[in-house]
Structures are given as C-alpha cells and as structure tokens.
Amino acid sequence: MFTEERIVITGVGLTAPNGNSLSEFRDALLTGKSGIQNYEIRYFGKTIAGICDYDPLKYQTKKEIRRGTRAGSIGIYCAQEAVADAKIDWENVDKSRVGVYVGTTEHGNVETENEIYEISKYNYDTSTWTHHHNPRTVANNPAGEITLNMHITGPHYCLGAACAAGNAGLIQGIQMLRLGECDLALCGGVSESIHTFGIFAAFNSQGALATHEDPTKASRPLDVNRNGIVISEGGCLFTLERLSDALARNAKIYAEVVGYAINSDATDFVLPNPHRQAECIRLALKKAHLSPSDIHLVNLHATGTGMGDSQECAALRDVFADCPNTYFNGTKSLIGHAMGASGALELAGNLPSFSDNICHPMTNIDELDPKCQLNNLIINTPKKMADVRYILNNSFGMLGINSVVIVKKYE
C-alpha cells in the first residue's frame, strides 16, 4: 500500500576525490580544494581524473577486495559510513527490512577490459579467464556486494540511469519506503568509471574530454573556455527513513525529501533538451507543492560541455525567471564528473547549508559564458544566506534522462 508518509535523510556516507566524509567533502567545497589530478590508464595514456583515496580495508578484507569490484568496494564503504553516521543500531536491525538501491552509470566494462588485457598475455586463451567475471559484471553487482558485506537480506538492485543515477537511486528508496517494501533504504549512486579506458577514449572522440596544463583547472563548467568533462570515481549513499521511524529513535535529520521527478527527452542520444529539463524541474516542484520562488538554492548538473551547460542554463532561466531569492551553484569544478555518483554527491555537499546557511561556490569560472548567465550565480566565494529552506538538485544523463530532487530543511 502506497502512503504519502514523510521521508527523511538520517545518514550520509561518501567518498569523493576531495573527501571521504561529509565534513571533509563540505570543507573542501567551501575552501576550493580540488580532487582532480593527473592520471594515466593503459591504451589511452595520460589524462586527468578525479580519484578517491578512501581506505577500502576499513570494511573489507584484502581477499574480498580482490574478489569484488571497485564499484562494490566504494558502495560498501559508503553504506557502512552512512549507517554509522545515522547511528543505527545495526546489530539489532531486521535486515530483511533493509533495501539497497544503487544508481550506476554503467557497470561491468571495467572488469571485462581487465580480463581481455590479462588473456592477451596468454595469446587470448580463454581458459585463463577468471571465474569471478560473472558476479563482477552483473548489473546488480555494487548493490549486491553491499548486501553480502552487511548481511542484508532485503531487496537490492542497481538502477542504470546514466548520470542521473544518483538521484534515481534516492528516488527509488523513497518509493520503496512509501510502498512498505522496506523500513530503511540505503540509496544513492556509485561510480568506478575512471578504471575503464573506454570512457576516456569515447569522450575524447566526441571532443568532450577536458584538458588543461593544471589538472585542478580542467573542470570549468560555465566558463567560456571550458572544453569538456573530467571523469571521476566516487560514491554517496544515504540512509532514508520514514519520519515516524526517525523520530521514534531520536535520529539526527539532515533533510526531508519533498519532491522529485524523472522524465525523458526522447530527442537525441547525447544532446540535452532544455524544454524537457524545465519540464522535469516543474514536475518536481508540483510534487513538492512549491513554486520556483520557494527554492533558495539550485545545484546545477553543469558538466563542463558547451551544449550541456548552456542548455541547462536555458532551462533554469525559463523556470526561475522571476526568482530574486534563488541562488545557483555547482560541484563538478572541484570533483569532476562522478557519473552515477554525481547527483548524490552534489546533493550531499549542499545539505549542511540547512544548518549554517552558507552555500558553496562554483570555481574555475574566469570568464562566464554569456549563454550560461544566471542571476545569483555563486562564483569563487561562499555565499552567506539569510535562510536556506529548500534545495533543488539537477542531475541529467545520456539518452535524455533527467532527474530532479528537492529537499527541505527539517523543522
């Protein structure tokens, strides 16, 4: 039975290129600390990437790490950190009532590339192919590895939603809680994208891979001299609970999720459609019973591509045309594009604004592209706000998938 019971975020676990906890990540966003560095991957060669530096052995053995995947390891770290952050009495939780919903951009290509490279050393003799390949490459792998590690027996699966996947995982958690399919949802997104040379080669062939002599300056969304995406890895998972359950255990509440929407462009494989993006934003606002002027902060998807940034800004100018108190920021200038994790990470980075009323800025905008002009764009310096009560998070992806999540300050 579907209910409209209020859903709240009670825990955050993350690893980003510039932080391995919400406090570290938030501090980096406020102080302009970049996590983007020089990187080299076989076949493609030297490039730039956002690389995480969490401790996988905190929650896994060396054998478990070897057997599993980077995405699974990131997911385990984030899930364990989220549960710890939420101060959930894990030993006494009914684990058949825990659901795991993990958004991913893609999964399995890292492992397949690795195995083809390995058998190339043996004249492509497939008898040397690892028996771990199938469980590593199935689409539910990151979520499944979390359940194995944490002994969760409730539902688990991954949602393939391109770069909208972080928001999609969160939305799925909300829906499953309201359907009564679980009592605690671990949800968000993960990405191991930097470990596949194919993604670098593909973006490069599209003319959409960022380059710069200074890696920390390579990701420059909205800047007139932006030249593409910086590919990153990372993850962010939330603990979601029904408000009644959170209050019953006197939980810390980061925010209430009050609106969300997902729609499709149906127009192009990669080029965004600003009309459909605007439609998605309005759908989320309608679900939240809000008007555009109620939103205090909008986090842009803003990847650093020419068309992507300008089309999103066109959609935002359409929706927020007469909203003098709505401000705009973005996150990818400091962490790059963490693909399936990006939406969840970027939402997490703004959650502390509810308590300190400070909004982190976009960086690396030396000359704003006129096509990306927005009123109240926060650039280079954090913005102290009178109040932050509603945050809207955009996350869009290839094949024309758009997602929007709106969170509210819990009062």
Is the cationic atom of Lys409 (NZ for Lys, CZ for Arg) positioned less than 6.0 Å from the six-membered ring centroid of Tyr390 and within 45 degrees of its normal?
no
Evaluate Asn167 against Asn393 for side chain to side chain donor-acceptor pair (under 3.5 Å), listing each step before the verdict.
CA-CA 8 Å; Asn167 274 358; Asn393 189 60; 3.0 Å; yes
For a side-chain contact (heavy atoms from CB on, under 4.5 Å) check, start with the C-alpha distance between Tyr260 and Val404, then their side-chain angles and the critical distance, and finish with the verdict.
CA-CA 5 Å; Tyr260 58 84; Val404 175; over 6 Å; no
Heavy-atom closest pair (Pro17 atom, Cys52 atom, distance to 0.1 Å) is N-SG, 3.8 Å
Grab the two heavy atoms, one from Arg136 and one from Arg66, that are nearest each other, plus how far apart they are.
NH2-O, 2.7 Å
Would you give the length of the straight line joining atom CG of Leu170 to atom CD1 of Ile9, rounded to the nearest 0.5 angstrom?
5.5 Å
Do Leu222 and Asp369 have side chains that get closer than 4.5 Å, going by heavy atoms?
no
Minimal non-hydrogen separation, Ala344 against Gly189, with atom names:
CB-N, 4.0 Å
Looking at side-chain heavy atoms only, is the closest gap between Ile378 and Leu297 below 4.5 Å?
yes
Any Gln277 side-chain heavy atom under 4.5 Å of Pro272 side chain:
yes
Does NZ or CZ of Arg42 fall inside the cone over Tyr117's six-membered ring, less than 6.0 Å from its centre and within 45° of the axis?
yes
If you count every heavy atom of other residues, nucleotides or ligands that lies below 6.0 Å from Tyr43 atom OH, does the total exceed 12?
yes
Determine whether the side chains of Gln311 and Asn273 contain a donor N or O and an acceptor N or O closer than 3.5 Å.
no
CG/Asp53: more than 12 non-hydrogen atoms of other groups inside 6.0 Å:
no
Tell me if the NZ atom of Lys121 is crowded by more than 12 foreign heavy atoms within 6.0 Å.
yes
Please tell me if the side chains of Leu285 and Asp294 come closer than 4.5 Å, counting only heavy atoms from C-beta onward.
no
For Gln60 and Ser73, test the side chains for any donor-to-acceptor distance below 3.5 angstrom and give the result as yes or no.
yes
Under 3.5 Å: donor-acceptor pair, side chain of Arg178, backbone of Glu5:
yes
Approximate separation, where rounding is to 0.5 Å, of Ile51 CD1 and Thr15 OG1
11.5 Å
Thr69 side, atom OG1; Asn141 side, atom CG - distance, nearest 0.5 Å:
4.0 Å
Gly188 and Leu237 have their tightest heavy-atom pair at N-CD2, 3.5 Å
Pair Asn364, Ser219: side-chain N/O donor-acceptor within cut-off below 3.5 Å:
no
Check step by step if side-chain contact (heavy atoms from CB on, under 4.5 Å) holds for Lys33 and Leu334.
CA-CA 7 Å; Lys33 178 184 176 183; Leu334 293 176; over 6 Å; no
Within the 3.5 Å criterion, strictly below it, is a donor on Thr137 or Glu111 matched to an acceptor on the partner's side chain?
no
Distance-only polar pair, side chains of Thr112 and His133, donor-acceptor under 3.5 Å
yes
Please determine whether the number of non-hydrogen atoms from other residues, nucleotides or ligands lying under 6.0 Å from atom CG of Asp55 exceeds 12.
yes
Is any NZ, NE, NH1 or NH2 atom of the basic residue among Glu256 and Arg6 found under 4.0 Å from an Asp or Glu carboxylate oxygen of the other?
yes
Heavy atoms from other residues, nucleotides or ligands near NE2 of His275 exceed 12 (cutoff 6.0 Å)
no
Does the ring center of Tyr157 lie less than 6.0 Å from the ring center of Tyr101?
yes
Is the closest side-chain donor-acceptor distance between Glu81 and Tyr59 under 3.5 Å?
yes
Walk me through whether Leu177 and Cys182 qualify under side-chain contact (heavy atoms from CB on, under 4.5 Å).
CA-CA 5 Å; Leu177 284 165; Cys182 62; 3.9 Å; yes
Of all heavy-atom pairs between Ser353 and Cys359, which one has the smallest distance, and what is that distance?
OG-CA, 4.0 Å
Pair Ser293, Asp322: side-chain N/O donor-acceptor within cut-off below 3.5 Å:
no
Give a yes-or-no answer on whether the side chains of Thr10 and Thr239 include a donor-acceptor pair shorter than 3.5 Å.
yes
May I ask you to decide if Gly198's main-chain N or O and Glu113's side chain share a donor-acceptor pair within less than 3.5 Å?
yes
Non-hydrogen side-chain atoms of Tyr410 and Leu243 separated by less than 4.5 Å
yes
Report yes or no: do Glu106 and Ser193 form a side-chain donor-acceptor pair below 3.5 Å?
yes
So with a 6.0 Å cut-off around CZ of Arg317, is the heavy-atom count from everything else above 12?
yes
Just verifying a value: how many Å separate Arg389 CZ and Phe354 CZ, rounded to the nearest 0.5 Å?
9.5 Å
Side chains of Tyr254 and Lys252: is there a donor and an acceptor less than 3.5 Å apart?
yes
Of all heavy-atom pairs linking Leu283 and Ala261, the shortest is CB-CB, 3.6 Å
So, Thr216 and Ser34: side-chain donor and acceptor under 3.5 Å apart, yes or no?
no
NZ (Lys384) with more than 12 external heavy atoms under 6.0 Å
yes
Just so I know, are the side chains of Ile295 and Phe320 near enough to count as touching, which here means a heavy-atom distance under 4.5 Å?
yes
So Arg226 and Thr305, side-chain contact (heavy atoms from CB on, under 4.5 Å) or not? Walk me through it.
CA-CA 7 Å; Arg226 66 191 182 279; Thr305 62; 5.9 Å; no
With rounding to the nearest 0.5 Å, note down the distance linking CD in Glu64 to CD in Glu145.
9.0 Å
What I'd like to find out is whether the side chain of Met150 reaches to under 4.5 Å of the side chain of Lys95, using heavy atoms alone.
no
For Glu312 and Ala302, indicate whether the former's side chain and the latter's backbone hold a donor-acceptor pair under 3.5 Å.
yes
Determine whether Asp366 and Lys217 satisfy the following criterion, salt bridge (Lys or Arg N to Asp or Glu O under 4.0 Å), listing intermediate values before the conclusion.
CA-CA 10 Å; Asp366 298 327; Lys217 302 290 186 182; 5.7 Å; no
Salt bridge flag under 4.0 Å for residues Glu233 and Arg70:
yes
Ignoring hydrogens and angles, state whether a donor on the side chain of His296 or Asp387 is under 3.5 Å from an acceptor on the partner side chain.
no
side-chain contact (heavy atoms from CB on, under 4.5 Å) with Asn402: which of Asn394, Asp265, Ile262?
Asp265
Does the side chain of Val230 reach to within under 4.5 Å of the side chain of Lys332, using non-hydrogen atoms?
no
Measure the CG-CD1 distance between Leu186 and Ile152 for me, rounded to the nearest 0.5 Å.
5.0 Å
What do you reckon, is NZ of Lys371 surrounded by more than 12 foreign heavy atoms closer than 6.0 Å?
no
